[in-house]
**Q** 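Okay, handing you the structure first.
By convention in this document, chain letters (A, B, ...) are assigned in the order of the sequence lines, proteins followed by strands, and residues within each chain are numbered from 1.
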Amino acid sequence: MTDPKQTYDPAAIEPKWQQHWSEHKVFRAKNPGDAGFDPEQPKFYALDMFPYPSAAGLHVGHPEGYTATDIVSRYKRATGHNVLHPMGWDAFGLPAEQYAIQTNTHPSKTTAANIETFRRQLQTLGFSYDWDREFGTCDPSYFKWTQWIFKQLYERGLAYESNAPVWWCEALGTVLANDEVINGRSERGDHPCERRPLRQWVLKITEYAERLLQYLDGLDWSDSLKTMQREWIGKSEGAEIAFDVEGHADTRLRVFTTRADTLFGASFMVLAPEHPLVSALTTASQQDAVDAYVKAAAAKSELERTDLAKDKTGVFTGAYARNPLFAGDDPRGRVPIWIADYVIVSYGTGAIMAVPAGDERDFEFAQKFSIDIPGIFAPQTGDAERDARVAAGEECCTDEVPYAASCRTHDGAIALQGMSMAEGKRAIIDWLVAAGRGEAKTTYKIRDWLFSRQRYWGEPFPVLHTEDGVTLVTDQQLPVTLPEMDDFKPGGQPESPLIRAADWVETADAKGRPAKREINTMPGAAGSSWYFMRFCDPANDQEFCSKAASDYWLPVDLYVGGTEHAVGHLLYSRFWTKVLHDAGHVSVVEPFFKLYNQGMIQAFAYQDARGAVVPAADTKQDGDDVVHAGTGEPLTQTVTKMSKRYGNVVNPDEVVGEFGADTLRLYEMYMGPLADSKPWNPKDVPGVHRFLQRVWRLCVPEFAEKGRVHEWLTRDRDDDVGLEKQLHRTIHKVTGDIERMAFNTAIAAMMIFVNEATKGVDKLSRGQLLRFVQLLQPFAPHLAEELWERLGADGALSYAAWPTCDEALLVDDEVEIAVQVLGKVRARVTLPNNCGKDVALAQAREAAAKWLEGKRVVKEIFVPNKLVNFVAK
RNA sequence: GCCGGAGUGGCGGAAUUGGCAGACGCACAGCUUUCAAAAAGCUGCGAGGCAACUCGUGCGGGUUCAAGUCCCGCCUCCGGCACCA
């Protein structure tokens, strides 16, 4: 017959409630205009960085951020918000295509299968997503609008073709954007990359550099993330200065500098080896040396140029420039022009004026090649020896120090001595402007966004090439879908496999003229740059997102994800949002108001004496120690990334199978602060599971014959005063902690309540348990729903009003305070809450009498409800 | 090298505003219940000391009646940038 026991059984209750939520569309978000939409409710948009559905399935790292946003979403629903909490798939990308090449399976098939797995896994975790809004970036109904947005960019002059050198990765068979290349190697797969000239589509993100920088200030993002974006944008204010070149009357060499004030100390010029003027300026006698250097620099990978080439190298071109500050016959104005690879062609003007007295790199170079180092500073730091060396040009000085008397033109038009650095810069720039020799200038490190890939599995461009050049596909012809193919290998050198789809490539434009389709495809970051907009209005086939929907939902109120997208995705999304704003399609300028970066979930591992990690399979327990299974060498515990290689990857399915989704959710939130990286400890998981069992037993008797809930919970009765106070403290703590995203301490508070309540199980009233279940609901929703139902509560738990806290119940009648003598706790006294200083001191003095004997109290500190401190001699 | 963040028991962590360091959980130990429990409950649990007490938040200084928290100087780890003129 039926099992007489009723134990906490997540395997039974979790699917039951998941099905209930799904069937009743409990978490469907209502848009303005939908039936039942309440315009009075405030909105809340909680978004996860949507996953790339890999073949490996969900990792325990995914549910960490997802649980956090789910808790906030459920809390916001309970506090009367209209909540948008969607999920979808970042589904175009390289791994599916690599897999296709290996196995001859179409990427659309593997992607669809992976999405199935991800969706199933996410659904077993009980996230309150509005699944009706789900889509993938590879859905034609979605990328139709990605293509449409590209058209907007093109029409606004923000998309262009370029032949500039780009990062080419041989192993991946594609080009990569700057942020996808780390130290000359691909971020994905760690393959070597090199610079190559290729025809590419590029987006003019640099045009938005200033606004991308300015608008950071108003965002609720961590300072470290804002700093990363600021540094990536790399704004730098200075001047551009034009130098005449001897013997080249029509040539002016332009340089960018942030230290225009050091122009008096410019004793040579350096061009990047790739600078367009190099060949024109090089003299016959230097030709061979320059050619050899240029060739060598081109052959060097970026890795060699940055990491290894710390030693300065360079070659004299034979040409001389004229420093504009010095009159024609002044020998100080004649500066040699060198080329060196420490100057980067793509930054500033690709050329610099070298001031060895004020720049470490220039100083190093001048020393190595015995170039003049004119002293231009007269520091008075007190370190006389150093001051003298700086004045003599024997040491470089980058600090703000007084200028030397020599910083002066013959005619006295400029004399820097006595000026501050800011005044010096101003003086020089004003003079240059008046003389037509330069102007103030701001440059940015950020480069335009390399926006094409030579791959199959990405959005095709809505672009046709005809005899007359580029034409766009009409809106009526969107989406441009991918042709069916079964061979996805890159199409020979830097070309997409699409080149082999001849029927697809050969087409006609709107006027019927023969045209070839663009065979590059868009990069992975294309689809993820606006998906948060589409979630507002996912089924719209007339617009990418209706203005009404985006006006209502945007910006995203809470966005949670990893730091790895600090400069890529987050910058691109901000850029597209601004472009769409400028084009009048969305009202917001910034897409993500609050951003929260979760830490990484790591794993314990064991390492040997050399620090090498030993795979879990090669370790064994030896008493209290862990040793190498083969050699018996003792090992020490360490923390690493989860990795197949180390055998320490935790599979969420297994955790759900053994303990249930509520335990997984709760454990991931209980591990520590969301923002921290922290190790997964399998031994801690049963601890939170035990907590849920205790909650269960608080409500449900062990044997079914005693009823579905404890007898005393079937009727209303007076609340136990002590428990009621404890409950209010818990409500207060949990509410505040959810608001500040401190889920670990919220859970600790609930544990304290359950420990209290368990001490006298039958003291807990039905009303108290119901309120506790509401607090638990965002964290462990399945268990909460089950208990809510068993207790016969009215209405849907997910929308039941959040329990309120009576502040009056937070204070106790009596408080215990510490009595200190000279800062050391010597006694404790119990006093009425908020009692006065005199009362407290009198009692404290008595309690501390033993330690005050023979001493004179010189000061008495009283902190109400906290402590008394006697300062005694 | 530069810019962030962090360092607290055997472990994960707590201390939100300068006010009793170690909440909560794990591990461990003892006890109760039990035929037996890997179950449940209770108790203990920073170090030293019989104790009174002393010491204790990476290290060294400082400010303060009082410092994990503030200041100065270091060390280590993690993340980012890296010849950006």
Side-chain angles (χ1 to χ4, degrees), chain A residues 7 182-183 222-232 234 236 238 255-259 262 270 305-307 309-312 340-344 346-355 358-362 364-365 443-446 563-564 566-567 597 599-600 602 604 624 637 639 667 670-673 675-688 690-691 693-694 697 702 733 736-737 740 742 744-752 755 758-759 816-828 857-872:
Chain A
T7 48
I182 296 160
N183 284 335
S222 71
D223 286 338
S224 70
L225 204 94
K226 287 189 191 180
T227 303
M228 272 194 237
Q229 290 220 343
R230 284 196 191 100
E231 287 177 355
W232 190 262
S236 163
V255 301
F256 173 72
T257 178
T258 54
R259 290 294 304 273
T262 63
V270 185
R305 273 181 74 159
T306 55
D307 263 18
K310 289 295 177 197
D311 222 19
K312 295 280 178 294
D341 64 4
Y342 81 92
V343 173
I344 295 164
S346 52
Y347 183 75
T349 62
I352 61 162
M353 63 176 206
V355 183
D359 184 288
E360 310 248 3
R361 297 152 301 183
D362 299 343
E364 207 185 303
F365 192 87
T443 63
Y444 299 87
K445 267 191 253 182
I446 191 174
T563 346
E564 64 271 22
V567 291
N597 286 120
M600 224 195 324
Q602 302 162 309
F604 286 122
D624 286 343
Q637 194 181 62
V639 170
Y667 173 64
Y670 189 62
M671 290 172 78
D676 290 3
S677 290
K678 56 241 163 212
W680 181 279
N681 187 352
K683 286 185 171 169
D684 286 338
V685 180
V688 291
R690 272 200 285 274
F691 162 68
Q693 285 176 318
R694 286 155 73 97
R697 288 198 301 268
E702 187 178 1
K733 180 75 177 150
D737 281 356
R740 67 185 183 107
N744 53 333
T745 49
I747 295 166
M750 289 190 281
M751 287 175 168
I752 292 170
N755 290 346
T758 304
K759 279 179 185 159
E816 193 185 64
I817 72 163
V819 180
Q820 297 181 336
V821 176
L822 284 168
K824 285 191 200 304
V825 181
R826 295 302 187 182
R828 287 165 203 287
V857 175
V858 293
K859 200 169 180 183
E860 293 165 332
I861 313 283
F862 172 63
V863 182
N865 290 345
K866 295 275 185 190
L867 59 74
V868 168
N869 189 10
F870 294 109
V871 185

**Q** Counting primed atoms plus P, OP1 and OP2 as sugar-phosphate and everything else as base, spell out the protein contacts along nucleotides 11-16 of chain B at 4.0 Å heavy-atom distance: B, S or - for each nucleotide, 5' to 3'.
**A** SBSSSB
**Q** Nearest to the side chain of A:S236, heavy atoms from C-beta on, is which of B:rC53, B:rA85, B:rG80?
**A** B:rA85
**Q** So what is the 5' to 3' dot-bracket string for RNA chain B, if pairs are Watson-Crick or G-U wobble with both distances under 3.5 Å, crossing pairs use [ ] and | means the partner sits on another strand?
**A** (((((((..(((......[....))).(((((.......))))).(((....)))..(((((..]....))))))))))))....
**Q** Let me know the distance between CD of A:E564 and C1' of B:rG80, rounded to the nearest Å.
**A** 13 Å
**Q** What nucleotide among B:rG25, B:rG4, B:rA21 has an atom nearest to a side-chain atom of A:V825?
**A** B:rA21
**Q** Should A:K683 be listed as having a side-chain N or O under 4.0 Å from OP1 or OP2 of B:rA27?
**A** no
**Q** What is the nucleic acid contact for A:I861, judged by heavy atoms within less than 4.0 Å: base, sugar-phosphate only, or nothing?
**A** base
**Q** So if I take every side-chain heavy atom of A:K824 and compare against B:rC3, B:rC55, B:rG25, which nucleotide ends up nearest?
**A**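 Taking heavy atoms from C-beta onward, the closest nucleotide is B:rC55.
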**Q** Taking only N and O in the side chain of A:Y347, is any of them less than 4.0 Å away from OP1 or OP2 of B:rA85?
**A** yes
**Q** Can you find a side chain N or O atom of A:R694 that sits less than 4.0 Å from OP1 or OP2 on B:rA40?
**A**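 Result: no.
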**Q** Roughly how many Å is it from CG in A:L867 to P in B:rA67, rounded to a whole number?
**A**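 Rounding to the nearest Å, CG of A:L867 and P of B:rA67 are 12 Å apart.
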**Q** Counting only side-chain N and O atoms of A:R690, is one of them less than 4.0 Å from OP1 or OP2 of B:rC26?
**A**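 Yes, within the criterion.
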**Q** Separation of A:I446 atom CD1 from B:rG80 atom C1', in whole Å?
**A** 16 Å
**Q** So A:T563, base contact, sugar-phosphate only, or nothing? Heavy-atom distance under 4.0 Å.
**A** nothing
**Q** Would you please confirm or rule out a distance under 4.0 Å between OP1 or OP2 of B:rG41 and any side-chain N or O of A:R697?
**A** yes
